[in-house]
Amino acid sequence: MASTGNSMLLSFLMFTVVLSLEVIYRAKLASSELFTILGGFISSLLFLFFFIFIANFQESSGTKTGWGAVIVAELVALVVAGTVHRVCITTCFLFSAGLLYEVNKLSAMMQSRSELKSKRH
């Protein structure tokens, strides 16, 4: 399993790369309906990477991750999506909700797996 510091660094680097590419290709992403939806999906990836960064930062500092991290990461992603196209804001929000649901499922699965391992030992 990856350490908190490595995960935080990798998520920040991925956030930076995706943000840079989205800014570079902003005009192309706003050129058609399909690319606009793709722009929203790319912005939702920004949400995911920034949320992972915030959660790992809070974990390393000893505080509990809550809805504040989700809201901050979502606001950042929506602002970036808004710079591409207005429709990207809506699609980003919808894709981010789906990604958050999947991250929650994955987190619950990993937590139950670690609890089972600790009970066996």
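The chain is numbered in sequence order, starting from 1.
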Note to self: Quick check: is Val18 connected to Phe15 through a chain of hydrophobic side chains (ILVMFWY, heavy atoms under 4.5 Å apart)?
What the structure shows: yes
Note to self: Using the salt bridge (Lys or Arg N to Asp or Glu O under 4.0 Å) criterion, which residues pair with Lys64? Sequence neighbours excluded.
What the structure shows: none
Note to self: Side chains of Arg26 and Leu29, heavy atoms from C-beta outward: is any pair under 4.5 Å?
What the structure shows: no
Item checked: Beyond-backbone contact of Leu19 with Val80, side-chain heavy atoms, under 4.5 angstrom -> yes
Notebook entry, point to check: Given the rule that I, L, V, M, F, W and Y join up when any side-chain heavy atoms are under 4.5 Å apart, are Leu21 and Val23 in one cluster?
Noted result: no
Check: How many angstroms lie between atom CG of Leu100 and atom OG of Ser44, to the nearest 0.5 angstrom?
Finding: 11.5 Å
Next item on the list: Go through the structure and list residues passing side-chain contact (heavy atoms from CB on, under 4.5 Å) with Ser31, not counting sequence neighbours.
Entry: Lys28, Phe35
Item checked: Reported CD1-to-OG1 distance for the pair Ile37 and Thr90, which is rounded to 0.5 angstrom -> 10.5 Å
Margin query: With clusters defined by side-chain heavy atoms of hydrophobic residues (ILVMFWY) lying less than 4.5 Å apart, directly or transitively, does Leu45 cluster with Val72?
Written below: yes
Next item on the list: Could you state whether Val17 and Ile24 fall into the same hydrophobic cluster, counting links through intermediate Ile, Leu, Val, Met, Phe, Trp or Tyr residues with side-chain heavy atoms under 4.5 angstrom apart?
Entry: yes
Item checked: Phe12 backbone acceptor or donor facing Thr16 side chain under 3.5 Å -> yes
Notebook entry, point to check: What pair of heavy atoms forms the shortest contact from Cys92 to Leu78, and how long is it?
Noted result: SG-CD2, 3.9 Å
Taking only distance into account, with no hydrogens and no angle test, what donor-acceptor pairs under 3.5 Å do side-chain atoms of residues 46-60 form with protein atoms, sequence neighbours excluded?
from, atom 1, to, atom 2, distance (Å)
Asn56, ND2, Ser7, OG, 2.8
Asn56, ND2, Ile52, O, 3.1
Gln58, OE1, Thr65, OG1, 3.1
Ser60, OG, Asn56, O, 3.3
Ser60, OG, Phe57, O, 2.8

Margin query: Could you see if Tyr101 belongs to whatever hydrophobic cluster contains Met109? Use Ile, Leu, Val, Met, Phe, Trp, Tyr and a side-chain cutoff under 4.5 Å.
Written below: no
Next item on the list: Identify the two heavy atoms, one from Gly39 and one from Glu22, that lie closest to each other, and give their separation to 0.1 Å.
Entry: O-OE2, 3.3 Å
